[in-house]
Number of protein chains: 2
Amino acid sequence: MTTRRAATPRVTLVDVAKLATVDKAIVSRVINEDPALVIRQETRDRVIDAIRTLGYRPNIAARSLRTAKAGTLGLVIPDFANPVYAEIITGAESAALDRGHVLVTGSTSGSRNGMDRYLELLGQGRVDGLLLAGPTSAREHQKLQSLGLPWMMVNRRDTGDHHRYVILDDAHAAKLAVEHLLSLGHRRIGHVAGPTGADTAKRRAAGYRQAMKTAGITVRPADVARGDYTSGGGAEAMGSLLANAEKSGTPTAVFVANVAMAVGVLDTLRRAGLRVPADVSVVAVHDLPLAEHLNPPLTTVRMPLQQLGGRAVELLLSRAPEEQVTEVVSTATELVLRESTAPPRI
Amino acid sequence: MTTRRAATPRVTLVDVAKLATVDKAIVSRVINEDPALVIRQETRDRVIDAIRTLGYRPNIAARSLRTAKAGTLGLVIPDFANPVYAEIITGAESAALDRGHVLVTGSTSGSRNGMDRYLELLGQGRVDGLLLAGPTSAREHQKLQSLGLPWMMVNRRDTGDHHRYVILDDAHAAKLAVEHLLSLGHRRIGHVAGPTGADTAKRRAAGYRQAMKTAGITVRPADVARGDYTSGGGAEAMGSLLANAEKSGTPTAVFVANVAMAVGVLDTLRRAGLRVPADVSVVAVHDLPLAEHLNPPLTTVRMPLQQLGGRAVELLLSRAPEEQVTEVVSTATELVLRESTAPPRI
DNA sequence: ATCGGTCGTTCAATCGTTTGACCGACAGTA
DNA sequence: TACTGTCGGTCAAACGATTGAACGACCGAT
């Protein structure tokens with residue numbers, strides 16, 4: 001039998017106060033554990049009982065109005081379908097929850113000017129702070145600034161003078177990947193890089209070049225191609241690498257800047273009749289669940305994406321809005337060995 | 001040069017009213033486009049100018065307090081990493097935005113009792129309504145009920161007496177898949193089903209049986225195995241299908257209840273030395289971007305997941321809380337032909 | 001000249017919490 | 001006895017927007 005819910009007349013502080021025969025101020029202070037409150041244990045119990053029997057829940061709107069805090073954080077990502085952001089969200093959400101905050105995650109992919117819409121909607125006191133993952137423009141930085149909200153970038157290093165960001169150790173990840181290939185005996189190692197706009201791509205490319213240089217190997221321009229971080233882009237980029245190779249031979253291994261592109265790379269290689277890892281070894285950045293089930297299972301570099309998201313929330317909440325915050329999360333950046341890498345033939 | 005932001009003293013209605021030399025009531029009514037407001041165009045312009053020059057933004061907390069509406073909707077999913085939910089979120093978010101609402105998406109995977117935490121956090125007037133995708137318990141239904149919020153289930157049909165849900169036409173999707181296999185000439189068609197708890201799994205299994213029956217084929221119990229909608233579960237289920245087959249021969253085709261499990265199924269087949277589609281054809285439900293890049297590219301049945309999410313939001317916002325709402329979204333449920341299905345050998 | 005009816009606008013109560021200020025009672029001290 | 005503190009609370013003013021009610025001015029009709 002269902003209890004028919006009459007339009008419940010919300011139970012408020014005064015209801016509780018009446019039942020406990022105290023002033024509502026007491027109730028409020030009990031709830032918020034005001035350290036300045038001195039009160040008999042007996043009274044406190046009466047209040048707590050009253051709260052319980054009435055099933056009282058503080059009204060968030062009223063509280064927000066009074067305290068000028070929303071208890072909510074915003075996270076703007078490009079696209080929910082991208083598993084990299086799924087990981088970041090997961091970490092951020094959990095950290096926010098632990099600090100009693102709710103996380104509003106919005107994607108900009110939906111509409112043409114998704115970011116604007118979100119800045120509009122969230123910049124009215126709806127959130128206490130904003131986390132931006134993914135690309136942003138200078139104009140958006142302007143707008144953000146004018147909202148007067150604390151905000152920072154996640155997995156992106158902004159180009160302006162707003163030095164607040166958390167990123168991963170992309171260069172190190174790239175180095176791990178390339179050194180793995182080197183240690184297997186590869187000398188001719190190609191790179192499917194990310195888009196020019198993404199600074200993560202720059203750092204991974206830099207790590208790749210660095211590792212190659214350290215090994216005393218010159219990188220041929222023809223062995224580096226650029227994709228847009230999607231599997232389609234990866235497929236294309238690998239295609240152009242193979243095309244370039246017609247005259248000068250094929251790399252025996254490829255370091256791919258992210259897993260999504262690696263999926264396309266595997267595709268292209270298969271269609272070209274090249275076996276992985278027998279003919280070409282492939283290693284990519286980001287150890288997403290998917291990697292394990294590709295054909296062949298993909299060797300990757302695990303990045304602490306969840307920690308990244310979590311750390312971003314922590315920093316956003318703990319640091320003063322005007323304070324500079326630049327942090328690199330580098331825990332547990334490590335190679336995950338699977339079946340897509342092997343020594344080169346001969 | 002950055003404008004240094006002094007701690008901005010929020011600009012409020014009265015500031016605007018003063019500048020426009022009208023009462024704040026006017027400003028409020030102008031903003032909310034109160035149809036009952038009769039006002040000279042000149043005055044209206046003055047107000048609008050004032051709003052613009054001051055950069056006024058209404059304070060959400062105050063508005064929520066007064067109107068008892070949050071302008072926010074909640075969506076609770078099991079896990080962000082599951083691309084099925086990514087699609088639902090995307091659709092829901094876009095629909096919410098179109099209606100001037102913000103969507104708070106929370107996952108229950110984070111902590112042991114994630115659902116409870118969310119019901120706690122969101123059930124304080126933070127959201128105007130709640131969408132539940134994924135499994136829920138009777139106890140949670142109880143709690144939900146006690147929050148006095150409108151809520152409904154998405155892609156799940158609740159078992160209780162709360163008849164508010166939007167689902168997809170799972171039986172039809174299954175039929176499309178199986179009929180495709182039948183038309184290729186397969187007679188022995190296995191099924192990797194979803195978990196008993198999920199009613200989507202039940203409907204897909206029912207559709208499978210229905211289609212088989214219509215074709216006059218008896219389904220052997222050994223040809224149906226159950227997985228938990230993850231790729232690991234799919235791999236296992238396919239394993240047991242192969243084990244069962246030792247005595248009675250292998251199915252020439254498998255209908256898999258979702259893409260995640262199909263990934264595992266392909267894995268198991270590959271390890272068993274069976275080629276897809278030469279030895280076994282595979283077709284799965286849900287046409288996620290991933291499907292295109294599996295090896296081989298997977299034939300699927302596309303389901304309108306985004307529409308599902310969008311429709312859920314629409315219904316939640318438009319229907320009275322006590323009204324029953326049961327809808328099946330079935331637009332664009334169609335077969336997507338790729339390379340994982342082919343006629344059986346001989 | 002008076003009345004009624006729009007038009008254009010103002011008044012003020014209200015939503016539910018938080019929080020600084022204030023206050024009475026009682027105990028201990030000088 | 002008067003004074004000073006602590007204890008255990010109460011009072012009331014915010015926070016910023018919404019909205020029903022009221023109000024003065026003006027116009028046309030009687």
Side-chain angles (χ1 to χ4, degrees), chain A residues 7-48 50-51 54-72 100 123-126 128 148, chain B residues 7-48 50-51 54-72 100 123-126 128 148:
Chain A
T8 320
R10 257 196 133 314
V11 25
T12 81
L13 258 194
V14 289
D15 299 325
V16 177
K18 263 182 210 150
L19 182 58
T21 59
V22 293
D23 191 87
K24 63 190 157 95
I26 296 283
V27 182
S28 173
R29 288 186 228 257
V30 165
I31 288 173
N32 298 320
E33 294 174 346
D34 182 342
L37 174 65
V38 221
I39 191 187
R40 246 169 286 161
Q41 185 58 41
E42 179 219 331
T43 316
R44 187 183 295 273
D45 291 344
R46 250 182 18 246
V47 171
I48 293 176
I51 290 176
L54 292 179
Y56 168 74
R57 296 167 185 292
N59 178 318
I60 300 271
R63 172 178 290 175
S64 296
L65 175 57
R66 183 62 230 249
T67 61
K69 301 229 149 301
T72 302
Q124 312 180 50
R126 221 182 264 272
D128 297 325
Chain B
T8 321
R10 256 197 133 313
V11 25
T12 83
L13 258 194
V14 292
D15 299 326
V16 177
K18 262 182 211 151
L19 182 57
T21 59
V22 293
D23 190 87
K24 64 191 159 95
I26 297 283
V27 182
S28 172
R29 288 185 228 259
V30 165
I31 288 173
N32 299 319
E33 293 173 346
D34 182 342
L37 174 66
V38 223
I39 191 187
R40 243 170 291 161
Q41 185 58 41
E42 179 219 331
T43 316
R44 187 185 295 273
D45 291 345
R46 258 195 355 260
V47 171
I48 294 177
I51 290 176
L54 292 180
Y56 169 74
R57 296 169 184 291
N59 178 318
I60 300 267
R63 171 178 291 176
S64 297
L65 175 57
R66 182 62 229 250
T67 61
K69 301 230 151 296
T72 303
Q124 312 180 41
R126 221 184 265 270
D128 297 325

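Letters A, B, ... are given to chains in the order of the sequence lines, protein chains preceding strands, and every chain is numbered from 1.
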Trainee: Quick one: is C:dC7 close enough that its OP1 or OP2 comes under 4.0 Å of any side-chain N or O from B:Arg40?
Mentor: no
Trainee: Can you say whether a donor on the side chain of B:Arg66 sits under 3.5 Å from an acceptor on the base of C:dT14, or the other way round?
Mentor: yes
Trainee: What is the distance, rounded to the nearest whole Å, between atom NZ of B:Lys18 and atom P of C:dT10?
Mentor: 14 Å
Trainee: Expressed as a whole number of angstroms, how long is the span from A:Ile26:CD1 to D:dA12:P?
Mentor: 15 Å
Trainee: Got a donor-acceptor contact below 3.5 angstrom from the B:Asp128 side chain to the B:Lys69 backbone?
Mentor: no
Trainee: For the backbone of A:Asp34 and the side chain of A:Asn32, can you confirm whether one donor and one acceptor N or O come within less than 3.5 Å of each other?
Mentor: no
Trainee: Output the single nucleotide from D:dG8, D:dA17, D:dT19 whose closest atom is nearest the side chain of B:Ala25.
Mentor: D:dT19
Trainee: Just wondering, do B:Val47 and B:Arg44 contact through their side chains at under 4.5 Å, heavy atoms?
Mentor: no
Trainee: Round to a whole Å and report the spacing from CG of B:Asp15 to P of D:dC15.
Mentor: 11 Å
Trainee: Using a 4.0 Å heavy-atom cut-off across all strands, classify A:Thr43 as base, sugar-phosphate, or nothing.
Mentor: sugar-phosphate
Trainee: Any side-chain to backbone donor/acceptor pair from A:Ser64 onto A:Ile60? Under 3.5 Å, distance only.
Mentor: yes
Trainee: So what does A:Ile39 hit on the nucleic acid, given a heavy-atom distance under 4.0 Å: a base, only sugar-phosphate, or nothing?
Mentor: sugar-phosphate
Trainee: Ignoring backbone atoms, establish whether B:Asn32 has a side-chain N or O less than 4.0 Å from OP1 or OP2 of D:dT18.
Mentor: yes
Trainee: Would you kindly give the CG-to-P distance between A:Leu37 and C:dT19, to the nearest whole Å?
Mentor: 13 Å
Trainee: Calculate the interatomic distance between A:Asp34 atom CG and D:dT10 atom P; express it in whole Å.
Mentor: 14 Å
Trainee: I want to check one thing: is the phosphate of D:dT18, taken as OP1 and OP2, less than 4.0 Å away from some side-chain N or O of B:Ser28?
Mentor: yes
Trainee: Measure from the side-chain N and O atoms of B:Thr67 to the backbone N and O of B:Arg63, and report whether any donor-acceptor pair falls under 3.5 Å.
Mentor: yes
Trainee: Counting side-chain heavy atoms from CB outward, which of D:dG16, D:dT10, C:dT10 is closest to B:Val22?
Mentor: C:dT10
Trainee: Per the atom types in the model, does the base of C:dT10 pair as donor or acceptor with the side chain of B:Lys24 at under 3.5 Å?
Mentor: no
Trainee: Which one, C:dT17, D:dG16, C:dG8, comes nearest to the side chain of A:Leu13?
Mentor: C:dT17
Trainee: Starting at CZ of A:Arg57 and ending at P of C:dG16, how long is that distance when rounded to a whole Å?
Mentor: 16 Å
Trainee: When the nearest nucleotide of DNA chain D is assigned to B:Leu65 and to A:Arg44 on a heavy-atom basis, which residue is associated with the more 5' position?
Mentor: A:Arg44
Trainee: Rounding to a whole Å, what distance do you find between A:Ile31:CD1 and C:dT17:P?
Mentor: 7 Å
Trainee: Taking atom types as they are modelled, is there a donor-acceptor pair under 3.5 Å from the base of C:dG20 to the side chain of A:Arg29?
Mentor: yes
Trainee: Can you tell me how far P of D:dT18 sits from CG of B:Asp23, to the nearest Å?
Mentor: 13 Å
